[in-house]
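Some notes on the structure that comes next.
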Amino acid sequence: MRYRIVGVIDSRFAGMDAGEVLDGKRRGIKIYRSLDEALSERPNVRVLIVGVATAGGMLPPEYRGYIREAIERGLNIVSGLHEFLSDDPEFSKISKERGVEIIDVRKIYQKMRLFYTGKIREVDSYRVAILGTDACIGKRTTAWMIVDELNKRGIKAVFVGTGQTAWMQGAKYGIVLDAMINDFIPGGLEHEVWRAYVEERPKVIVVPGQGSLLHPAFPGSFEIVNLLTPNAIVLQHAPGRKHLEDFPEFPMPSLEKYIRLIEVMTDRKPLAITINTEGMSEEAVESYVKEVEAKYGIVACAPLIHGVGRIVDAIAKEVEG
């Protein structure tokens, strides 16, 4: 873990617990109305993370005041945006005066220049890719859950991240795919998967996708599938969504279309379908899980409700013979 989150600033939900807002389960992470309120209760905080992923990666204008205040009060800034805050003249000037650091995560990977070598063929770990039918659907969370459950069972597993949030969460291996020149994405990911294999010798390597195979603006998983040649794909789906993330003019493609696409790309069905439950009642989730399993003969579950035990059962069966 690179950072321990102790609070969230969001005036809309001030006073609530972050877990209550996300999935109804308390996490002990309070939501504050302002930075001043947060620091009055948490005076030892040293970092402000810009916790937003905007379309195009630009800083929302209303965030500038929070960031300026945080720098002036001596907090380091961590941002995953495409707009580099360390290059902002105002922020740069104040940060130098206050002796604080501005970390632009995507900037770390912007100059990564590793071309594909073929050394991925040396990796004989069982490789799992977590893809999504849409962006911002929970691929990374499901990937972490699978890795944690595998390790709990004594099956050594390693997570290899593909985005800036994975870096913030403390992933030891990974790239920030959408910060890199396209020619170097396969080589960069190859190197990180290979490095994880050489250093850890895991039985299983789990890699979350980016965006969605059919999203017009965030099509970030073809490179991962083509490079990784995964032994298994877990497909995350949000049945309650009517359209693709940030683009209401694009209706959500059917789950069946994604399953067929994955079969064409990999010559196999997904190992499992995982459900993002937004906009669904628990009864609707249970009904949908049963429907998917009956129709496709594929393991289905909602990780935040059911856990990922049945997925790990299937992986363990293949890994351990």
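For reference, positions follow the sequence shown, starting with 1. Just so you know, these numbers come straight off a predicted model, no measurement behind them.
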Q) Would R46 count as a cation-pi partner of Y3, with NZ or CZ less than 6.0 Å from the six-membered ring centre and within 45° of the ring normal? A)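 The answer is no, since R46 fails at least one limit relative to Y3.
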
Test your reading of the model: is there a side-chain donor-acceptor pair from [X] to the backbone of [Y], 3.5 Å cut-off?
X: D17; Y: G28; result: yes
X: H191; Y: G187; result: no
X: E293; Y: A300; result: yes
X: E83; Y: M58; result: no
X: K25; Y: L304; result: yes
X: R98; Y: G74; result: no
X: T162; Y: P208; result: yes
X: K139; Y: A129; result: no
X: R127; Y: V123; result: yes
X: S11; Y: R33; result: no

Which atom names give the shortest non-hydrogen contact between [X] and [Y], and what distance separates them?
X: A70; Y: I77; answer: CB-CD1, 3.8 Å
X: T142; Y: P303; answer: OG1-CG, 3.7 Å
X: E245; Y: A135; answer: CB-O, 4.0 Å
X: L81; Y: V52; answer: CD2-O, 3.5 Å
X: A143; Y: V206; answer: CB-CG1, 3.8 Å
X: I311; Y: C301; answer: CD1-SG, 3.7 Å

Side-chain contact test, heavy atoms from C-beta onward, threshold under 4.5 Å: evaluate it for [X] versus [Y] and give yes or no.
X: V299; Y: D313; result: no
X: M112; Y: F184; result: no
X: L213; Y: F222; result: yes
X: N182; Y: I185; result: yes
X: V105; Y: M168; result: yes
X: L177; Y: L189; result: no
X: P270; Y: I259; result: yes
X: L271; Y: E318; result: yes

Between [Y] and [X], is there a salt bridge with N-O shorter than 4.0 Å?
X: R153; Y: E320; result: no
X: E263; Y: K269; result: no
X: E278; Y: R241; result: yes

What is the distance from atom [atom1] of [X] to atom [atom2] of [Y], rounded to the nearest 0.5 Å?
X: S34; Y: E69; atom1: OG; atom2: CD; result: 7.0 Å
X: D88; Y: I71; atom1: CG; atom2: CD1; result: 8.0 Å
X: Y66; Y: L59; atom1: OH; atom2: CG; result: 12.5 Å
X: D134; Y: Y258; atom1: CG; atom2: OH; result: 6.5 Å
X: I67; Y: S79; atom1: CD1; atom2: OG; result: 6.5 Å
X: E190; Y: E223; atom1: CD; atom2: CD; result: 14.0 Å

**Q.** Whether over 12 other heavy atoms sit under 6.0 Å from R113 CZ
**A.**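 Atom CZ in R113 is crowded, with more than 12 foreign heavy atoms closer than 6.0 Å.
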
Q.
Would you say CD of E282 has more than 12 non-hydrogen atoms from neighbouring residues, nucleotides or ligands within 6.0 angstrom?
A.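 It does not: E282 CD has 12 such atoms or fewer within range.
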
Q | From CA spacing to verdict: side-chain hydrogen bond (donor to acceptor under 3.5 Å, both in side chains), Q164, H82 | A | CA-CA 10 Å; Q164 69 277 4; H82 285 298; over 6 Å; no

**Q.** side-chain contact (heavy atoms from CB on, under 4.5 Å) partner of Y126, chosen from V204, I205, L150, I155
**A.**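 Going through V204, I205, L150, I155 one by one, the side-chain contact (heavy atoms from CB on, under 4.5 Å) with Y126 is satisfied by V204 alone.
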
Q) D178 and V176: side chain to side chain contact (heavy atoms under 4.5 Å, CB included), yes or no, with the steps? A) CA-CA 6 Å; D178 64 9; V176 178; 3.7 Å; yes

Q: Kindly indicate, with the supporting measurements, whether the criterion side chain to side chain contact (heavy atoms under 4.5 Å, CB included) is fulfilled by V147 and V158.
A: CA-CA 6 Å; V147 168; V158 172; over 6 Å; no

(Q) The test is side chain to side chain contact (heavy atoms under 4.5 Å, CB included); show your working for I120 and T229 and say whether it passes. (A) CA-CA 9 Å; I120 188 73; T229 57; 5.8 Å; no

Grouping I, L, V, M, F, W and Y whenever their side-chain heavy atoms are under 4.5 Å apart, do [X] and [Y] come out in a common cluster?
X: I103; Y: I94; result: no
X: L131; Y: F250; result: yes
X: I5; Y: L75; result: no
X: I275; Y: V308; result: no
X: M280; Y: V289; result: yes

Q: Scan E97, E90, E62 and name whichever one has a salt bridge (Lys or Arg N to Asp or Glu O under 4.0 Å) with R68.
A: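 Considering E97, E90, E62, a salt bridge (Lys or Arg N to Asp or Glu O under 4.0 Å) with R68 is found only for E90.
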
Q. Would K107 and D87 satisfy side chain to side chain contact (heavy atoms under 4.5 Å, CB included), going step by step from the backbone distance to the final call?
A. CA-CA 10 Å; K107 201 174 194 179; D87 292 342; 2.8 Å; yes

(Q) Applying the side chain to side chain donor-acceptor pair (under 3.5 Å) criterion to Y197, which one of R195, R201, E199 satisfies it? (A)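 For Y197, the side chain to side chain donor-acceptor pair (under 3.5 Å) check succeeds only for R201.
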
Q | Side-chain donor-acceptor pair present, S40, Y32, cut-off under 3.5 Å | A |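 Y32 and S40 do not have a side-chain donor-acceptor pair below 3.5 Å.
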
Q. Between Y288 and H237, how do the two ring planes meet: parallel, tilted or perpendicular, split at 30° and 60°?
A.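 Tilted, since the angle between the ring planes falls between 30° and 60°.
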
Q. Parallel, tilted or perpendicular: which fits the ring planes of F218 and H215, with parallel below 30° and perpendicular above 60°?
A.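 Tilted: the ring planes of F218 and H215 meet at 30° to 60°.
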
